[in-house]
Amino acid sequence: MRKLNFLVMSAILLCILAGCEKKTSKEEYVYNVAVQEETGKGFITADNTITELDDGFSAVRFDGDYGFEGFLSQGGAKSDAEVIKYLASKLASDAGSMAKLLSDETIIIAALYALLDGMNEKGLCVAVNMIQDSDTISQSSGKPDITTTTAVRMLLNKAATTNEAVELLKQYDFHASMDYMVHLSVADSTGKSVVIEYINNEMEVIETPFCTDLQAGF
């Protein structure tokens with residue numbers, strides 16, 4: 001199992017370093033683009049293949065279990081390394097062949113744990129802003145652990161409103177991914193928006209429509 005975990009992590013790193021080159025061209029892309037003549041607007045319905053739409057911009061759809069509830073139930077993670085370890089173990093146990101490990105699905109599942117922003121079907125928006133500060137965030141109160149990127153994933157999965165997002169984060173010890181000092185900008189469909197910061201490892205919630213790379217609480 002240890003050898004297989006190493007192969008999984010190697011596969012993930014190889015695909016990332018290769019820039020996820022297994023992509024469908026625009027001409028081959030199996031998605032529907034419907035242009036609304038009345039408004040001039042359109043929409044894209046993606047499939048389960050990573051498809052490059054433009055330089056540095058791709059689309060994909062994933063339906064299925066990617067193990068995030070299991071990740072939370074086993075206590076989350078205190079670091080990116082622990083997230084990778086969990087992912088490697090899950091992917092190794094799920095994979096039936098090296099071909100599957102090198103498939104788009106491995107990259108898609110890994111990407112689902114590495115969000116820096118997003119919006120869910122309820123209209124909740126979450127974005128991470130780096131703060132120009134040499135400090136970091138690493139709470140230690142005995143609660144389950146969550147990293148920056150997995151916190152974004154959790155909020156988009158479970159929260160419908162800004163208030164729900166705040167209450168969810170209060171249940172976890174927050175640890176900054178890559179040791180970067182960050183704060184979170186959270187807004188919902190009602191227009192309520194807050195900035196969530198961790199000053200001296202204490203969670204602060206500031207109701208504001210603005211978010212910059214400076215701490216809002218100062």
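Values below: all heavy atoms of this structure, side chains included; hydrogens, waters and symmetry mates excluded.
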[X] side chain near [Y] side chain, heavy-atom distance below 4.5 Å:
X      : Y      : result
Tyr180 : Thr148 : no
Val166 : Met203 : yes
Asp117 : Val152 : no
Arg61  : Asn48  : no
Val128 : Leu184 : yes
Asn201 : Phe174 : no

[atom1] of [X] to [atom2] of [Y]: how many Å apart, nearest 0.5 Å?
X      : Y      : atom1 : atom2 : result
Leu169 : Gln139 : CG    : CD    : 9.5 Å
Ser141 : Glu202 : OG    : CD    : 9.0 Å
Thr150 : Ile146 : OG1   : CD1   : 3.5 Å
Leu168 : Asn163 : CG    : CG    : 11.5 Å
His183 : Ile137 : NE2   : CD1   : 9.5 Å
Ile199 : Ile131 : CD1   : CD1   : 8.0 Å

Quick one: closest heavy-atom pair of [X] and [Y], and the distance?
X      : Y      : result
Tyr198 : Met181 : O-CE, 3.1 Å
Ile108 : Phe62  : CG2-CB, 3.6 Å
Ala159 : Asn120 : O-ND2, 2.8 Å
Val186 : Thr162 : O-OG1, 4.0 Å
Ala110 : Leu87  : CA-CD1, 4.0 Å
Leu124 : Val126 : CD2-CG2, 4.1 Å

Tell me, yes or no, whether the heavy-atom count around Met119 atom CE, taken from other residues, nucleotides or ligands under 6.0 Å, exceeds 12. no
For residues 137-156, the salt bridge (Lys or Arg N to Asp or Glu O under 4.0 Å) pairs (sequence neighbours left out) are none
Quick one: list whatever passes side-chain hydrogen bond (donor to acceptor under 3.5 Å, both in side chains) with [X], sequence neighbours left out.
X      : answer
Thr190 : Asp188
Lys122 : none
Ser138 : His175

With sequence neighbours left out, the residues meeting ring-ring contact (aromatic ring centres under 6.0 Å, His included) with Tyr86 are Phe71
State whether Lys158 and Glu167 are salt-bridged, where the test is any N-O pair (Lys NZ or Arg NE/NH1/NH2 against Asp/Glu carboxylate O) under 4.0 Å.
->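 No, Lys158 and Glu167 are not salt-bridged.
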Short side-chain to backbone donor-acceptor contact, [X] and [Y], under 3.5 Å:
X      : Y      : answer
Thr147 : Ala176 : no
Ser93  : Ser89  : yes
Tyr113 : Tyr66  : yes
Thr208 : Phe210 : yes

* Among pairs that include at least one residue of residues 70-82, which meet side chain to side chain donor-acceptor pair (under 3.5 Å), considering only residues two or more places apart or in two chains? ->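 For residues 70-82, and leaving out neighbouring residues, the side chain to side chain donor-acceptor pair (under 3.5 Å) pairs sorted by first residue read Asp80-Ser177.
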